[in-house]
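Have a look at the structure below before the remarks.
Note that ligands are numbered from 1 as they come in the structure, with each ligand's atoms numbered from 1 the same way.
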Amino acid sequence: MAILEEPIKEILEVKNYINGKWVKSKGEIQEIINPATCKSIGKVWISTKEEIDSAIAAAKAAFQEWRRTTPLARSRILFRLKELLEEKFEELSRIQTMEVGKTIDEARGETRRGIENIEVACGIPTLMQGYYSEDIATGIDEWVVPTPIGTFGIITPFNFPFLVPLWSAPYAVATGNCIVIKPSSEDPISPMKLTELTEEAGFPPGVWNVVNGGRTVVNAMLDHTDIVGITFVGSTPTGREIYKRCGETGKRVIAQCGAKNFILIMPDCNIKATIPTLMNSFFGNAGQRCLAGANLLIVGDSDKFYKEFMDSVADMASNIKVGYGLDESVQMGPVRDKKKKENIINYIKIGLDEGAKLRLDGRQPKLIGGYPDTCFLGPTILENVTPNMRVAREEIFGPVMCVLRARDIIEAIEICNSSNFGNSTSIFTQDGRIAREFQYNIISGNVGINVGIVAPMAFFPFSGMKDSFFGVLHTQGKEAIRFFTESKVVIQRWF
Ligand code: NAD
């Protein structure tokens with residue numbers, strides 16, 4: 001099938017967006033490479049401390065007027081942003097494919113969920129209402145006003161460069177705060193395109209700022225007294241560090257982190273419906289999804305069931321078409337870069353050294369189209385994996401399915417709950433009692449019953465437990481509104 005037209009035709013310069021102006025940074029330069037074609041598509045600069053300080057100062061200066069802008073007026077700007085994003089829907093999706101490697105359908109899904117978060121935040125006039133009690137004592141009333149707080153830092157990972165900023169940003173600005181976004185330096189083009197449209201939508205200068213870079217930018221934000229809170233999405237070691245630093249400096253924080261998700265297969269599952277779902281869960285986004293299936297746990301002692309099930313899984317996985325995501329027939333794109341591919345290959349070796357059996361080897365995939373194989377991997381299946389192996393416990397973040405077995409549902413839940421992570425866990429069964437038992441006992445923020453990717457809708461919180469999440473409130477929906485506001489309590493006595 002033909003390749004869709006590429007929206008990026010020349011090497012783009014990704015600038016910072018500070019106080020309503022696009023400014024070229026003075027920092028070190030970094031190239032942005034399309035992982036499928038290995039061609040350069042952009043350049044980004046690692047911002048200096050002065051540049052970060054100026055973005056935070058711009059946000060601080062804009063805050064007083066922005067918080068006085070009525071929620072209805074703020075929501076109208078968000079409605080306009082939604083319209084502009086709909087107009088550019090396909091272009092934005094293709095950019096994600098070019099910069100991250102995901103297939104065009106995966107990218108369209110990302111764009112859609114991003115827009116849904118804006119749609120939810122458009123409801124701010126009612127979402128931000130407080131509450132009131134008359135006569136808490138005779139002639140005295142008390143009420144709560146959810147009030148904006150100041151400037152928030154939003155730090156995002158490489159795997160969803162368009163969507164993850166939108167888990168926080170619409171809610172932060174809708175509630176009257178100002179923001180400084182620090183996108184992943186690996187794919188800053190999508191956040192830049194999003195930000196171009198915020199300008200057109202009518203956000204006043206200083207409300208929405210973007211500063212590019214990596215660790216130094218994050219550290220400068222964490223040290224800055226004018227940043228009142230941080231939302232972070234990324235790996236567990238970074239998230240843990242950010243959570244600690246926010247505690248030390250008194251900033252509120254949401255840190256959504258890494259994962260190692262189990263998918264339980266009960267012998268009574270609907271096999272025909274389950275296996276295609278598993279393909280998306282384990283190999284969609286080339287396994288680079290915090291909600292991806294990583295460990296497949298087959299429950300029950302029937303070797304016959306195990307064999308038949310795994311034969312079908314391996315057969316379907318081996319037929320997944322790997323190539324450039326702008327080819328609509330492609331089902332799996334490359335991983336983000338060569339280093340990530342090497343890390344995944346290293347994990348496959350670790351698994352084999354630990355005693356796992358290679359059922360399907362994706363290290364040299366057959367590619368559609370004549371693209372360099374630098375960042376491509378095919379679906380890989382490791383069998384005979386046991387719960388204590390590193391490949392069962394550590395986040396590989398690639399298209400590798402580790403297959404484990406459990407005697408019964410009790411042992412299966414014990415194995416899942418012994419994981420350090422608690423991002424997402426699913427079960428496939430047609431037995432309501434087992435599903436209930438699983439949902440009740442599993443230690444996991446997102447729980448799926450006959451669902452392979454438990455991606456909460458924009459009006460539900462994006463949850464997580466154990467090493468997958470540090471904080472109290474979550475991004476998206478009502479919890480994001482709570483996070484970005486302080487409850488101001490007022491008591492008035494009527495003389
Ligand atoms: P990462 O932790 O390397 O980077 C995340 C962000 O932090 C980036 O903006 C990066 O520039 C910055 N950063 C990196 N190292 C830093 C350091 N030492 N100090 C300060 N800042 C630093 O994560 P990644 O590789 O970009 O993203 C993949 C990870 O994100 C995976 O672990 C995945 O599971 C996780 N993730 C989690 C969720 C969730 O909701 N739980 C969603 C998406 C991705």
Requested in this report: Keeping the roles fixed (side chain from Lys182, backbone from Gly153), state whether a donor-acceptor pair exists under 3.5 Å.
Outcome: no

Report summary line: Numbered in order shown, the ligand 1 atoms found under 4.0 Å of a heavy atom of Ser184 are 9 (O)

**Report entry** Nearest-contact summary for atom 28 (C) of ligand 1 - protein heavy atom, Å
**Finding:** Phe397 CE2, 3.7 Å

Report task. Would you check if the distance from the ring center of Trp66 to the ring center of Phe203 is below 6.0 Å? Result -> yes

Query raised in the report: Which residue supplies the protein heavy atom nearest to atom 37 (C) of ligand 1, what is that atom called, and how far is it?
Result: Cys257 O, 3.1 Å

Report summary line: Ranking Gly234, Ser235, Ala292 by closest non-hydrogen atom to atom 2 (O) of ligand 1, top hit is Ser235

Query raised in the report: Closest non-hydrogen protein atom to atom 25 (O) of ligand 1, residue and atom name please, with distance?
Result: Phe158 CD2, 3.4 Å

Query raised in the report: Can you tell me the protein heavy atom closest to atom 6 (C) of ligand 1 and the distance?
Result: Thr156 O, 3.5 Å

Query raised in the report: Out of Ile254, Val217, Leu222, Val218, whose heavy atom is nearest to atom 20 (C) of ligand 1?
Result: Val218

Query raised in the report: With a 4.0 Å heavy-atom cut-off (strictly under), which part of Phe469 contacts ligand 1: side chain, backbone, both or neither?
Result: neither

Query - Element-labelled atoms of ligand 1 that are located less than 4.0 Å from some non-hydrogen atom of Ile155 - result: 6 (C), 7 (O), 9 (O)

Query raised in the report: Between Lys182, Arg215, Arg245, which one has a non-hydrogen atom sitting closest to atom 11 (O) of ligand 1?
Result: Lys182

Requested in this report: Report yes or no: does Trp167 have a heavy atom closer than 4.0 Å to ligand 1?
Outcome: yes

Query raised in the report: Just which atoms of ligand 1 are under 4.0 Å from any heavy atom in Phe232?
Result: 2 (O), 5 (C), 6 (C), 7 (O)

Query raised in the report: If you measure only the distance, is there a donor-acceptor pair under 3.5 Å linking the side chains of Thr195 and Trp208?
Result: yes

Query raised in the report: For ligand 1, is there an N or O atom under 3.5 Å from any N or O atom of Gln256?
Result: yes

Query - Heavy-atom nearest neighbour in the protein, as seen from atom 44 (C) of ligand 1, with distance rounded to 0.1 Å - result: Asn159 OD1, 3.4 Å

Query raised in the report: Which residue owns the protein heavy atom closest to atom 36 (N) of ligand 1, what's the atom, and how far is it?
Result: Cys290 CB, 3.7 Å

Report summary line: atom 32 (O) of ligand 1 sits nearest the protein heavy atom Glu395 OE1, 2.7 Å

Query raised in the report: Given Thr238, Asp187, Asn212, Val164, which has its nearest heavy atom closest to atom 13 (N) of ligand 1?
Result: Thr238

Report task. Do me a favour and list the nearest non-hydrogen protein atom to atom 27 (O) of ligand 1 with residue, atom name and distance? Result -> Pro157 CB, 3.3 Å

Query - Within-cutoff protein neighbour (heavy atom, under 4.0 Å) for atom 4 (O) of ligand 1 - result: no

Report summary line: Here the atoms of ligand 1 under 4.0 Å from any heavy atom belonging to Gly214 are 11 (O)

Requested in this report: Would you confirm whether Glu99, through its side chain, and Ser190, through its main-chain N or O, come within 3.5 Å as a donor-acceptor pair?
Outcome: yes

Query raised in the report: Got a salt bridge between Glu394 and Lys260, using NZ or NE/NH1/NH2 to carboxylate O under 4.0 Å?
Result: no

